[in-house]
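Each remark here refers to the structure printed beneath this line.
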Amino acid sequence: MTSSLEDSLTAAQLEAVRHREGPLLILAGPGSGKTRVVTHRIAHLLEQGIPASQVLALTFTNKAADEMRQRLGQLAPGQSIWMGTFHRFGAFLLRRHAERVGLRENFSIADVDDSRRILKAACADARVDLEMATPESIAQAISWAKNNLITAELYQPRPGSAVGALAARVYPVYQQRLLRANLVDFDDLLLHVATLLRENPELRESLDRRYRYVMVDEYQDTNLAQYAIVRSLSIDFPNLAVTGDPDQSIYGWRGANLSNILDFERDFPRVNVVRLEQNYRSTRRILRVADELISHNVRRKHKELFTENPEGQPVRLIEFASQHDEADHIASRIQADLRAGRRRARDFAVFYRVNALSRALEQAFREQGIAYQIVHGVEFYQRKEVKDLLSYLQLVNNPANDAALLRVINTPTRGIGATTVERIQAFASAHGLPLIEAARRSGMIPSLNARAAVAVARFVTLLDRLRELATEPVARILERLLDETGYRKTLEGSDAPEDMDRLANIEELLTDAAEFDQRHPHETPLEPFLEQTALVNDTDDLEGASDRVTLMTLHAAKGLEYPVVFIVGVEQGLIPHERSREDDAQLEEERRLLFVGITRAEAELTLSYCQYRVTHGMNRAVVPSPFLMELPRREMDVVTAPRLTPQYGRDKARGGAEWGEDWLPTTQLRDDARELPMSHGPSEAQEQEDQHIEIDYLDECETNQDSPTRRPASGSSASRVAKPRREATMAPASGTASGNPLAALAGKLRTAADLAESLDTPLPSAPSAMSPEVFAHGMRVQHPEYGVGQIVHLVGTGPKRTATVRFQRDGVEKKFRLAFSPLRPM
DNA sequence: TGTGAGTTGATTTTT
DNA sequence: TCAACTCACA
């Protein structure tokens, strides 16, 4: 009997759904109904009498797992299979077999913060000086190793890699510290489990038998550790079904190995491959733009994306003068649609490459009174007060948790300062003890003075007392510790306004805990609660419910869809990101990231970039993303937005007549903006722009000193006087007067390299600032205000080059960042 | 030991 | 720019 569930499925979808035994690879393009297929397949398996306990479904995000669970709930009510993220599954297995990898079952999961803390301590232990590398870079090296199943013992640094050499020294110490604190970091959740499965064949076999039908979502994002886990569960019963899309692999930086999916057919020779290529989400135009972009990637599996959806509107590409214009325009356009009743706020999403770009958007949305929500990776559980309290809870559950202890030993302040903590740490390292045990022996630490020792002893007693509550409901433990630690009182006694917010957050945490307690009435809820807070970020359930515009990073957008999508900051250095520049594989990943963003859009898509963007407090000329040149112009409307920011700064315009209520940006755009001609000479637009250039300098008085495309400064001030940007950015080879990158797009320039080359001309700098490199120690200089002086000290390079000048007039010394100062050599 | 001003330095993505 | 960190002082 064919289930009625399957009536509406296409042939390809049906094939995947009906597949039962043996390996299955579902190559699912964006919007191809992948989740639907997967949930139907599970329902189908269950329908055929396969016990729910034999089915395991692994996802990357909680969001994906939740959605699947919910949809499955509709198809097969009451059946519950193990479904969740890899990390959660790792934690689940590890709890049961912790002792086999040297942990105790009440281990805690260190978040990034905790793990950095431990890492820094490990660096200190290993006497690694951090001149050559940041803890961050070492952490990355270790993380990379773990994701590739390289344990501390096996780690071999790449020859010549300074960071690698340091990591080799720190890694064992770090790992030892984690074990001592009964802690695992995120990567350990996978690495330990992989090790467990490799070293315990009987355990592997029993799990393989138990999880007979394993499903993996987003397979393109698996790293080696995840691969190993999945593989070990599919040896005797190779009913492994994976879904994925190589074109949507965007987690290479986290160790994802694209080969896992590209080579799946080699790993499992008898695999059944199903391609889901029909898109049910986007208009034809959007899909063609996406397809054209991604076709520039080499490492992929070709797919024929198609859709029966309508043609749709052209994809818009807009050039703005500044990020404020960009944000204002988007906000206004959304506002116009909302007012006209054409759309609801939840229909809109704005994507950006880096979180920092949300700021301008937020400001614009607030000013225009548009409800929005930001999907932030962190938020609630990362707030100081919440983390503090969670750390106390961690200590109740696992007193050996050094990271948690370090966090709260003096929070609220109780007279245990940095020096004291250092001495306890030294004692702990020397004796191989967790910090709590060292603290317990505070009386025996000779370097501690009596007062400190007493304070520490008091703290230990406090923890011991709290620890007795370990089996109580979480909310009750929280209440008690808020009182006994004095945490609440400290905040209540404070008159700092942010402390009121903190109290509110604490209330929220209490509610959270109480709810959790209710949902877990039969167990000791503390440990699962802590696991939840470590592995779930609260934005996972941010979706849907509220009617707001959603702002998020491109990464966060994966798996989602919206009727109207804006992607801002499509610029060189952003997408592709600065750090992905030299590496082809990384460049392809950036392209996929943009592909993911584009394919989120159902009906309308707008890409935009700015001529100038403020980054790190500096206003810099922007190069549009080379990816833009890979998009098919025939599917697009390419427009330059009129400058919204008037001459005397944008604040003046607010509320002014020209910023009227009925300002409809779309109309305005259409009327005023010119479709860029294939090539054009100096024009009205240019003159207009020349004016703006001056305003920029007056406003910002910044140079573009360390813009990545710059050549080293030549040193001659005369040549560096502001020039119209048109000239500065035009392609010398093309011979047209059009420096507008968009025109270049349409004109003779063909490749990103061409564009970069064309822009590798000194950009205009602020009229007053000199190249920092022309200054030398002892040089006599002139300052418009302070007069004549002499450079007595000189440090730093580039924009950070700072001179100390002693002025003749009254012998006073002043420091200047040379790149921005009006100093001139005499 | 705790606090505030001043300085420096770093800027991606997330389980 | 802005947040984290340092250093001087109470």
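Predicted, not measured: the structure shown is a model, and the values here were computed from it. So you know, we letter chains A, B, ... as the sequences are listed, proteins then strands, and number each from 1.
- When each of B:dT15, B:dG2, B:dT1 is scored by its nearest atom to the side-chain atoms of A:Arg451, the top-ranked nucleotide is B:dT1.
- Dashed line: the shortest gap from a side-chain N or O of A:Asn410 to OP1 or OP2 of B:dG2 is under 4.0 Å.
- In this structure, A:Asn62 does not reach the B:dT15 phosphate: none of its side-chain N or O atoms is under 4.0 Å from OP1 or OP2.
- Side-chain proximity of A:Thr61 to B:dT1, B:dT15, B:dT13: nearest is B:dT15.
- With B:dT15, C:dC5, B:dT12 as the choices, the nucleotide that has an atom nearest any side-chain atom of A:Lys120 turns out to be C:dC5.
- Counting non-hydrogen atoms under 4.0 angstrom, A:Phe86 reaches nothing in the nucleic acid.
- A donor-acceptor pair under 3.5 Å links the side-chain atoms of A:Ser625 to the main chain of A:Ile575, judged by distance alone.
- Between the side chain of A:Arg88 and the base of B:dT15 there is no donor-acceptor pair of N/O atoms closer than 3.5 Å.
- Considering only side-chain atoms of A:Thr85, the nucleotide from B:dG2, B:dT15, B:dT13 that sits closest is B:dT15.
- Of the listed nucleotides (B:dT12, B:dG2, B:dT14), B:dT12 has the atom at the smallest distance from the side chain of A:His577.
- Between A:Thr553 and the phosphate of B:dT14, there is a side-chain N or O to OP1/OP2 separation shorter than 4.0 Å.
- Which of B:dT1, B:dG2, B:dT13 sits closest to the side chain of A:His555 comes down to B:dT13.
- At least one side-chain nitrogen or oxygen of A:Arg359 sits closer than 4.0 Å to the OP1 or OP2 atom of C:dC2.
- At least one donor-acceptor pair under 3.5 Å links the side chain of A:Asn147 to the backbone N or O of A:Ser143.
- Separating the CZ atom of A:Arg116 from the P atom of C:dC5 is a distance of 13 Å, rounded to the nearest angstrom.
- Atom CG in A:Asp66 sits roughly 12 Å away from atom P in B:dT15 (whole-Å rounding).
- Listed nucleotides C:dC5, B:dT12, B:dT14 differ in distance to A:Val354; the shortest reach to its side chain belongs to B:dT12.
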